K.L.:
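Please see the structure below; I have some questions.
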Number of protein chains: 2
Amino acid sequence: MSVTSSRKGTAGRKPAVSRDAIIAAALKLVGPHRSVSTLSLREVAREAGIAPNSFYRHFHDIDELAVALIDLAGRSLRQIIGAARQRATTERSVVRSSVETFMEQLGADEKLLHILLREGTVGSDAFKQAVERELQFFENELCADLIRLAKANDARLHEPALTAKAITRLVFAIGATAMDLPREKHPEITDQLAVMVRMIVAGSQTMAQNRAIRP
Amino acid sequence: MSVTSSRKGTAGRKPAVSRDAIIAAALKLVGPHRSVSTLSLREVAREAGIAPNSFYRHFHDIDELAVALIDLAGRSLRQIIGAARQRATTERSVVRSSVETFMEQLGADEKLLHILLREGTVGSDAFKQAVERELQFFENELCADLIRLAKANDARLHEPALTAKAITRLVFAIGATAMDLPREKHPEITDQLAVMVRMIVAGSQTMAQNRAIRP
DNA sequence: CATATGAATACACAGTTGTATAGACAACCG
DNA sequence: CGGTTGTCTATACAACTGTGTATTCATATG
């Protein structure tokens with residue numbers, strides 16, 4: 001996967017720093033007050049310990065680095081989803097445990113999830129599309145889970161896809177604001193978020209019932 | 001309010017460009033691919049037709065300009081709220097008309113609302129706090145409306161404040177993504193958003209009922 | 001009118017940025 | 001071994017940034 005290991009016997013000097021090392025350097029620079037879109041090529045190169053021009057050997061653009069970061073964050077997100085799914089068994093706990101897992105990861109992972117949460121609204125088109133792709137993925141997984149859960153509980157959902165979209169966007173929006181808050185507030189926000197998600201699910205079920213009764 | 005009109009009879013030259021003119025110039029520069037936080041002092045001054053240093057006569061920082069822009073956008077948002085309230089009479093139409101007004105303004109106003117929607121996640125702390133203030137305002141107004149509506153319909157809400165928060169964050173999140181889409185998609189998004197909001201309201205009412213029946 | 005005073009300016013400076021060019025180094029192949 | 005090839009570095013450039021200092025300009029007041 002990395003550049004260092006993908007050399008297929010061709011001649012030439014071995015790369016001193018791997019593509020992943022540059023990504024790691026960029027990750028060290030981003031923080032609550034530093035967005036990926038404001039990273040400069042020279043800055044990243046300096047942090048990685050290479051000459052500015054060497055950057056081009058690994059990425060064509062600085063935007064390409066940004067997209068790579070988002071992809072990485074996306075993989076982290078999928079891991080979260082997997083963990084949440086393993087912990088989710090009953091209907092009562094699926095909302096709670098999913099939200100909890102999300103917020104826990106938000107506190108632990110710091111950087112990666114932050115990128116995904118906050119950089120969706122700024123940056124180039126390629127940038128936004130990369131984030132949107134990850135959100136769509138999250139949304140689709142959630143939609144499948146919702147349908148599966150509804151069936152197990154003999155309940156019906158009004159427009160499951162829309163329900164999933166609402167939950168996804170809400171969780172990410174609330175998560176984005178939670179990032180800037182001190183960690184002590186996270187439990188409170190987790191509670192609030194769980195209630196909010198339950199509202200959406202309950203509303204979707206209620207609307208499905210009404211639609212069925214009075215078409 | 002403006003600098004030009006607040007001169008209290010002291011000696012000295014009249015300001016050539018008003019503070020508002022600089023704000024207008026900054027507004028001309030922001031767009032779907034240009035965030036307020038990336039505006040440079042020189043760039044704004046150039047657009048306003050003044051020397052770079054003259055900027056300091058009106059704003060201490062470039063961040064101060066950003067906050068002024070957010071305040072302006074906030075006033076625009078309050079106007080939207082007012083318009084939506086006037087159009088909202090029955091329960092059926094209050095969600096629909098509010099969402100419609102919001103999306104209409106999103107298409108018409110372009111710049112101002114965009115700032116409020118997208119710049120909340122990046123920038124300095126003063127920046128974020130200014131946006132958060134406006135969101136809180138929106139949230140409080142909405143909460144009052146929700147309670148009023150629930151009373152009129154003999155319904156109850158589960159945690160009205162949380163309900164308002166969920167709706168607010170969702171509307172803003174969806175609105176932020178809608179900005180980047182072509183205007184033809186706006187009607188579709190408006191429909192989706194209206195359904196989502198109704199889900200939250202319905203869920204809040206359902207949860208209030210269940211809580212009342214089975215405490 | 002003269003003068004004080006605030007506004008706007010011109011110029012300068014040190015810093016940063018992205019990138020072009022050219023050379024030095026190291027690994028592989030024949 | 002020599003040659004080829006790809007990677008890295010050094011240097012340089014023009015454009016840009018924020019801001020400091022000194023100067024000019026216009027105005028209200030004495």
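It should be emphasised that the depicted structure is a prediction, and the values quoted were computed from it without experimental measurement.
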K.L.:
Report the nucleotide, chosen from D/dC8, C/dT17, C/dA8, that has the shortest atom-to-atom distance to any side-chain atom of A/H58.
P.N.:
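Side chain of A/H58 sits closest to D/dC8.
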
K.L.:
What pairs meet the ring-ring contact (aromatic ring centres under 6.0 Å, His included) rule with one or both residues in residues 161-195 of chain A, with sequence neighbours excluded?
P.N.:
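Applying ring-ring contact (aromatic ring centres under 6.0 Å, His included) to every pair that reaches into residues 161-195 of chain A, excluding sequence neighbours, yields A/F102-A/F172, A/F138-A/F172.
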
K.L.:
Detail all sub-3.5 Å separations between protein N/O atoms and N/O atoms belonging to nucleotides 11-13 of chain D.
P.N.:
none

K.L.:
Where the side chain of B/E43 is defined as all heavy atoms beyond and including C-beta, which of C/dT17, D/dT17, C/dT9 is the nearest nucleotide?
P.N.:
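Between C/dT17, D/dT17, C/dT9, the one nearest the side chain of B/E43 would be D/dT17.
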
K.L.:
Checking A/A130 now: which residues fulfil side-chain contact (heavy atoms from CB on, under 4.5 Å) with it, not counting sequence neighbours?
P.N.:
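Listed in chain order: A/V67, A/I70, A/R133.
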
K.L.:
With sequence neighbours left out, what residues match A/E159 under side chain to side chain donor-acceptor pair (under 3.5 Å)?
P.N.:
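A/E159 satisfies side chain to side chain donor-acceptor pair (under 3.5 Å) with no residue once adjacent residues are dropped.
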
K.L.:
Over how many whole Å does the gap from B/F59 atom CZ to C/dA7 atom P extend?
P.N.:
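The distance from CZ of B/F59 to P of C/dA7 comes to 14 Å, rounded to the nearest Å.
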
K.L.:
Output the single nucleotide from C/dG18, C/dT9, D/dT19 whose closest atom is nearest the side chain of B/Y56.
P.N.:
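Of the options given, the side chain of B/Y56 lies nearest D/dT19.
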
K.L.:
Please name all residues satisfying salt bridge (charged side-chain N to carboxylate O under 4.0 Å, His left out) with A/R118, sequence neighbours left out, ordered by chain then number.
P.N.:
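Salt bridge (charged side-chain N to carboxylate O under 4.0 Å, His left out) check on A/R118 returns A/D180.
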
K.L.:
Respond yes when some side-chain nitrogen or oxygen of A/R46 is under 4.0 Å from OP1 or OP2 of C/dT17, and no when none is.
P.N.:
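Yes, within the criterion.
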
K.L.:
Please report, rounded to the nearest Å, how far the P atom of D/dT17 is from the CG atom of B/D61.
P.N.:
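Taking CG of B/D61 and P of D/dT17, I get 17 Å after rounding.
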
K.L.:
Do other residues, nucleotides or ligands put more than 12 heavy atoms under 6.0 Å from the CD atom of B/Q79?
P.N.:
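Not more than 12 within 6.0 Å, no.
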
K.L.:
With respect to the side chain of B/A16, which nucleotide from C/dA8, D/dT7, C/dT17 is positioned closest?
P.N.:
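Within the option list, the nearest is C/dA8.
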
K.L.:
Does A/R57 make a side-chain N or O approach to OP1 or OP2 of D/dC8 shorter than 4.0 Å?
P.N.:
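Negative; the distance criterion is not met.
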
K.L.:
Which nucleotide, C/dT9, D/dT17, D/dC8, lies nearest any side-chain atom of B/S54?
P.N.:
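So the nucleotide nearest the side chain must be C/dT9.
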
K.L.:
Who pairs with B/T190 by side-chain contact (heavy atoms from CB on, under 4.5 Å), at least two apart in sequence or on another chain?
P.N.:
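B/T190 satisfies side-chain contact (heavy atoms from CB on, under 4.5 Å) with B/R96, B/V99, B/E100, B/M103 only.
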
